[in-house]
Amino acid sequence: MDEYPYPLFFEATDFTDREKEKVRRYFQKRRESGGGDCGNLEKLGGSVYKICFKEKEDQDRVLQRKFHTITLPSGQVRLTVSRTSSPQTSDQPMPSQSLSSTNPNINGLEKTFRIDVFLLFFLRDNCKAYTFFEKQLSSIGCTMELNFDEEEVLVRGEVDKGPGGGLGGAAEKWEYQVNQAFVQLTESYNCYHVLEPKQVKIVLQDSAFKTDDIKVYTESGYAVVVGEVDAVKEKIAILEKSLPTKKEVPIVEKNFKLIEEDLNREMRANCPEVTIIRGSAMITLEGPDKEVQSGAAKLVELIKNIKEKSVKFPTALLTFMKTSDAIPKYQTRFLQSLRNPVFFEVGADVVLSSLSSDALNEAEAAVMRDFKVTTVQLQGAIDLNRLKEILTKAKNEANSREFRVDISYMPGTRGTSTTKVRLVGYSENVAKLNEVLHDFQLNQVSTQETINLLHHDTVYCFNKILDLIGMKQTKVTLQASHFPNPCVFVSGPRCHVQEVKEALTSTLDSVVVDTLTLDGPGAQQYFQEEGKVTKELIEGSCHVIIREKQTAAIPNVQRPRNTSRLSDTPRSLSYSSSMYSTVGNSAINRTNLKIKLSSLENEQVDVLVVPMLNKQLTSTNIGKSLLAKAGNVLKLKFDSVLASCALAPGDVQLVDAPPSLGCSKIFFIECLPWDGVRGKSVQALGNGLQKCLELCVRQNFGSVAIPIIGPGIVLQYPLREAIQVLTDIIHQFGLSASSGSLTNIHIVIKPGYPDSEECYHDVYRQLSLNMNQGGQAIFRSLTSDLDDITMTVESGVKLHVVFGDITNETTDVVVNTTDFQNFILDGVCKDILTVAGPEVEAELKAAYVERGKIFVTQSGNFPCKAIFHVCGQRDEVYNLDFIQLVCNVIYYCESYKYSSVAIPAIFAGTYFVWHSSLVVLHTHTHTHTHLNASGVSAGAGELDPTIVAGAILRVIKSSTSSMNSLTDIRLVLIKIDVFLAFKEEAMQMYSPAVINRVSFQEQQQQQQSAPSVSAYLSSLQISSSSHQSVFTFLGLSISDIDDAMEKLKHQYQTQCSSNTFSKEELELLNQDDMMELKELVEAEGLFVQTDQSGALTVSGLKDGVTRVRQKMNQCQYMNLAREVRVREEEDLYNKVVWCILANHGNWERLPKSANHQLEKNELTEGITDAQGLIWEVDVQAMVATRPLSRQTTKLKRLENLPDFTFPLYWDPMAANETMKVVSLETSSAEYHTVKEAFKRTVPKTVMKIERLQNVHLRRAYEAQKKHISDKNAHEGGAAEKPLYHGTTQENCHSIMTTGFNRSFAGQNATAYGHGTYFAVNASYSAQPTYSKPAADGSRLMFVARVLTGVFTQGQATMKVLPLRNSQQPHNRFDSAVDKIDNPAMYIVFHDNQAYPDYLITFKGD
């Protein structure tokens, strides 16, 4: 419906927009036009205009006036309005005419103004106004003439003619001055139209409206008040207040009753002319406006002052109030009898309402006092029917006149008897019935007394004691109990309980208690079974009670009788790999390696290793950090130790650590600044590190923390070389198998530096390579602070926090970010699109995505099902609700029924940019512009990763309860500080958070060492001596007990025998045999002793000793079988290699026992790996599974050739297959390792990585490796390094099949010799000169294993390497380099000295 349905029409010349607005405002003002709320002015055609009003009354008031004169900037216009749009006779000039006419003559000018006729009347009737206006016109040389018929004013004036007889600009000036005078006139006086009949009557009758300055005129039923603006406003205000008004105030009936008296009193006193009208839930006040407003305010105030109080009562009492006449009775009482009325209601609670707090309190006190509910617990055996009869009679008497009290009976917990009685009603009546109930219970209840006993054994055989002492049956119940202490509860009628208690107490005091101890637990077993009858005969003949004393150490084993425990044939062959270890069965070194991301001074270990220069504590940044934390105490200790000692480079000095550090000792290494790979600095650092580890073992320290020493501004080592020195020393330590007590080595990397990520990756890669030697684990475990963690949250959803690259993920969904414009910039977006392919990129380029929305595309060639792209428009001031983003991602996954999603670091960290919905989530190129999670530069409010991590993890945790499809959420973080923040928050939020690489339980299992045979013998003796048979004897005399003890002991000894085993026999037992022997001894209840020669004597029941002898015979047979098995395993181990994919992503060779089990398919009990972990095996799927955690991993079988041993990381090859190219899976650790090393210096997109398996080339390479290793045994060995070699499509196949051929030297320059060139950094080989782009833009690069050995400076003319020593004509250098101090390039001159290990296909500008 139209908002303005009441139109009026008029004709006028064309208005400007400003004039239209002025006309509209005129019709809006009721005091000027009589109108009101109206719409915009509309032109219908020609000169006809329309304006519409919201209310019909406003339309009617405008039509009551004949003419409407409006003053506009260009002059005055006079309008004639009508209800229709038909042409009207216009009383105004034509459009070409002026709004006022000017008739110049030779000597003067004239101008006519049309103004409100009532203003003309006012000028006529008010001399003051007329004279003032006349003087204004006179001042500009004008006179005026009022024309009431035409409702206009004629103004005349004279001006001087200009040169040539013209008036020039004088006429315009004159006209402007006259116009200003009339504008001032219309603004100074107001013509107010009074249309309301009552108001018209007041205006005409009230003399206050007829003054010298105010005039009132009437016309057609309405009045017009004319005068100065302020004076008219004052009169109108009085007029509007003179009419009677009404005001409605809502109020409920109960509240009106509370305030009625106060309201009437207030109205009589202050508002006598106001009438109060009561309606339904409403009060209407009618009268003079001022009094009505005052009365309404008082009414509202009274309503607000009503106070309400809820009083809690038991449900039973509320029910009583509702069913009795209490509610109306107390409503009447509280409204009439209290100091202020109080309204009384009963619902879920008792609700009291009043204007007075005192009255409320008084009413509450009355209700609490007058009503009561009491529940009484019935005690003992009660005649319930009799009780009900008595209580019902008392209740009926109380309720004879009105309902005063009620009774209910509540059943006990088992529903078998009534245990509680509830009384509810008026307090006085409840009290009377309660007295009746109390009197009844006093007369009927039973009582109970307690007799304390001296021994717990007395409780166990209390009934037999009663028979022994001849206790007669009575009406009293006797119950023995251990709690709260050994005692007897005597219960029954009060008159009998005391009598029985006195008699029983004196009798129990005469009972004698003693104990008999026999060696071994077998005695108890015997007298519980075949010797039971004998024991009972002894009890009867000696008048005693014999009780076997129960101890926690006695196993609850039912021993089979008259049958052999061992079968006649040996059990299936099995043995303990822990007891008889062979090569590859377990780690030689018990040390755990852990990469720590922290500051060295914060480590909690036994020893800290610290570098120094020239015996100065603060010569390195590490020393400065230690001093800052430990203070002057460290300085004093350091100076006192080093003041008098002389140190050479590589020496180590021990200093006691102050309490402020979390260690016992600090090992200071005297270092040298970097002087090249072959300089003294490397040798000094290596010697110092080696000495530190040896000192830890020698002094029985359990843990040590070592930083990456060298890359700082003082020592200036190349980072790669510093890492190489440290990892080489750790590797040598692992091979030494002499770790002693040193179980933990922490390699400490300080986060927050530009190269922290590179340092971590290099350290982890080197240590991973050093974890095994020949398929054998040389360290127990390798973990780091950046190990992935997995939390199982609600509904079984797994949340993974991963340190890595999202392009390696294989989840159903991968989250990407882009601004949908720039797709060529290096970063995750480009990498994802390059892998996904051009179709996905084209789909993105065509998309328009709003900020905060998610755009879903197909995955293309990317290894996922879908890619979620989020608009990341760059906006430095826009702050996104990132929490909502994660919710949206989860919602989309659920909507599409995806089970897994990978989300990169979209929300925190120095190097992560958040734009609107999502941003550059993850980048491979370092940038120095710090952007926070909202796109604002760091320092201008960057979001703390810890805060963001907590928020994101809480969102995911709270969302998991509603997840049905999504089961795996992976947060992929590439920055160390962000990962650590998420890890810390996750570990606090989820308990426990399990570290995936090596769990705590697995480490504990690995740390369990196999006890020796002597230890088992010792435990056998201790166990046997602690398991003795103890018997308790109770009787009425000491002589009876002594006689019974002697008979029982003699009977047992007649059933026993013993057997002794020599030390030589025992040494044939392994761990499993000793465990079974121990179980057999315990099960048979035998007693064991050892003598000084090491012999073992077993004694006890004859059958048990015989079974132990049979066990020993069986063990001799089993030992022979084990020896045969070991030889079989050894032979098979040299031919077939079974491997398992370890947690760190490297293939590890399984121990000989597992190797044999897999080959022979003996998998019933699973296999055990080198770390002692047990796995279930599916040979068909080549998958191994942990029994409890259900963690899975891959298996692999390699069959060695007679003259070639396959590398563990190779895939199996057919018997006649000599060359194989394997494309690495993007999710594999092998792929990640190669890719991360490549991308550390090359910001290009990796398309694929292939492993090259060439048997001939590898056989020749390994032979050359052995040759160089033997030759350089004391100088670093073969020094194998992973290096890079760029190539082309044309040369690639030749290298893969025949290897690197130095005959082609010179194709890309020979600056350092005529050999084959390899680069340390992939960035060098990635140059187009070496890795030439193919037609599709792809490029190739080999990752080669290169034997660098002992190298020398390369020369352009070098075709063979020079001699190392002129006295040794066959001992030449192994390779050449571009620079000795920090080589970036290695050149080899022997084709078998390099092996093409991997081929990387990459793409980029």
Side-chain angles (χ1 to χ4, degrees), residues 450-473 477-490 503-559 561 1023-1056 1082-1087 1099-1101 1104:
T450 303
I451 303 174
N452 291 326
L453 302 175
L454 296 178
H455 304 282
H456 279 281
D457 294 309
T458 313
V459 177
Y460 290 117
C461 52
F462 182 72
N463 290 333
K464 290 184 176 181
I465 293 175
L466 293 180
D467 293 337
L468 188 65
I469 64 177
M471 184 71 183
K472 297 180 180 180
Q473 292 289 334
T477 301
L478 302 175
Q479 180 66 46
S481 174
H482 293 280
F483 304 102
N485 50 275
C487 64
V488 177
F489 295 112
V490 184
L504 188 57
T505 300
S506 61
T507 305
L508 289 176
D509 288 342
S510 64
V511 175
V512 179
V513 180
D514 202 351
T515 58
L516 170 66
T517 301
L518 299 176
D519 291 336
Q524 283 192 356
Q525 296 177 9
Y526 170 74
F527 287 113
Q528 288 171 356
E529 297 172 3
E530 54 261 51
K532 183 178 180 180
V533 175
T534 303
K535 186 193 73 168
E536 292 175 349
L537 290 173
I538 295 173
E539 287 179 317
S541 63
C542 298
H543 301 288
V544 297
I545 300 170
I546 304 175
R547 170 170 174 74
E548 299 88 357
K549 187 172 183 180
Q550 299 296 325
T551 61
I554 297 175
N556 185 15
V557 177
Q558 292 298 322
R559 181 164 53 94
R561 311 310 299 168
S1023 173
S1024 177
S1025 62
S1026 62
H1027 288 64
Q1028 295 179 324
S1029 298
V1030 180
F1031 297 87
T1032 301
F1033 289 74
L1034 298 92
L1036 298 179
S1037 69
I1038 296 176
S1039 60
D1040 290 344
I1041 290 179
D1042 289 342
D1043 186 24
M1045 291 171 66
E1046 186 63 29
K1047 290 180 179 179
L1048 189 74
K1049 182 178 179 180
H1050 175 73
Q1051 177 63 27
Y1052 175 65
Q1053 289 175 346
T1054 61
Q1055 304 296 320
C1056 293
E1082 291 177 350
E1084 297 292 343
L1086 303 178
F1087 185 73
S1099 59
L1101 293 173

*What's the verdict on side chain to side chain contact (heavy atoms under 4.5 Å, CB included) for N452 and T450, showing C-alpha distance, side-chain angles and the deciding distance?*
CA-CA 6 Å; N452 291 326; T450 303; 4.0 Å; yes
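- Between C487 and V459, the closest heavy-atom pair is N-CG2, 4.3 Å.
- F1031 is linked by a ring pair (Phe, Tyr, Trp, His ring centres under 6.0 Å) to F527, counting only residues two or more places apart in sequence or in another chain.
- In this view, D467 satisfies the side-chain contact (heavy atoms from CB on, under 4.5 Å) rule with no residue, not counting sequence neighbours.
- Within 6.0 Å of atom CD in Q479, 12 or fewer heavy atoms from other residues, nucleotides or ligands are found, so the atom counts as exposed in its surroundings.
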Tabulate below the donor-acceptor pairs under 3.5 Å that side-chain atoms of residues 1040-1056 make, not counting sequence neighbours, or state none.
residue, atom, partner, partner atom, Å
D1040, OD2, S1037, OG, 2.9
Q1051, NE2, Y526, OH, 3.2
T1054, OG1, Q1051, O, 2.6

*L504 and L466: side chain to side chain contact (heavy atoms under 4.5 Å, CB included), yes or no, with the steps?*
CA-CA 9 Å; L504 188 57; L466 293 180; 4.1 Å; yes
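- Q524 approaches V1030 most closely through the heavy-atom pair NE2-O, 3.1 Å.
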*asked:* side chain to side chain contact (heavy atoms under 4.5 Å, CB included) for V511 and L468? Distances and angles first, verdict last.
replied: CA-CA 10 Å; V511 175; L468 188 65; 5.8 Å; no
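- The NZ atom of K535 lies 11.5 Å from the CG atom of L537; values are rounded to the nearest 0.5 Å.
- Listed by chain and residue number, nothing satisfies the side-chain hydrogen bond (donor to acceptor under 3.5 Å, both in side chains) test with S1099 (two or more places apart in sequence, or in another chain).
- If you take CD on Q525 and CG on L1101, they are separated by 7.5 Å, rounding to the nearest 0.5 Å.
- The shortest side-chain heavy-atom distance between L508 and I465 falls under the 4.5 Å cut-off.
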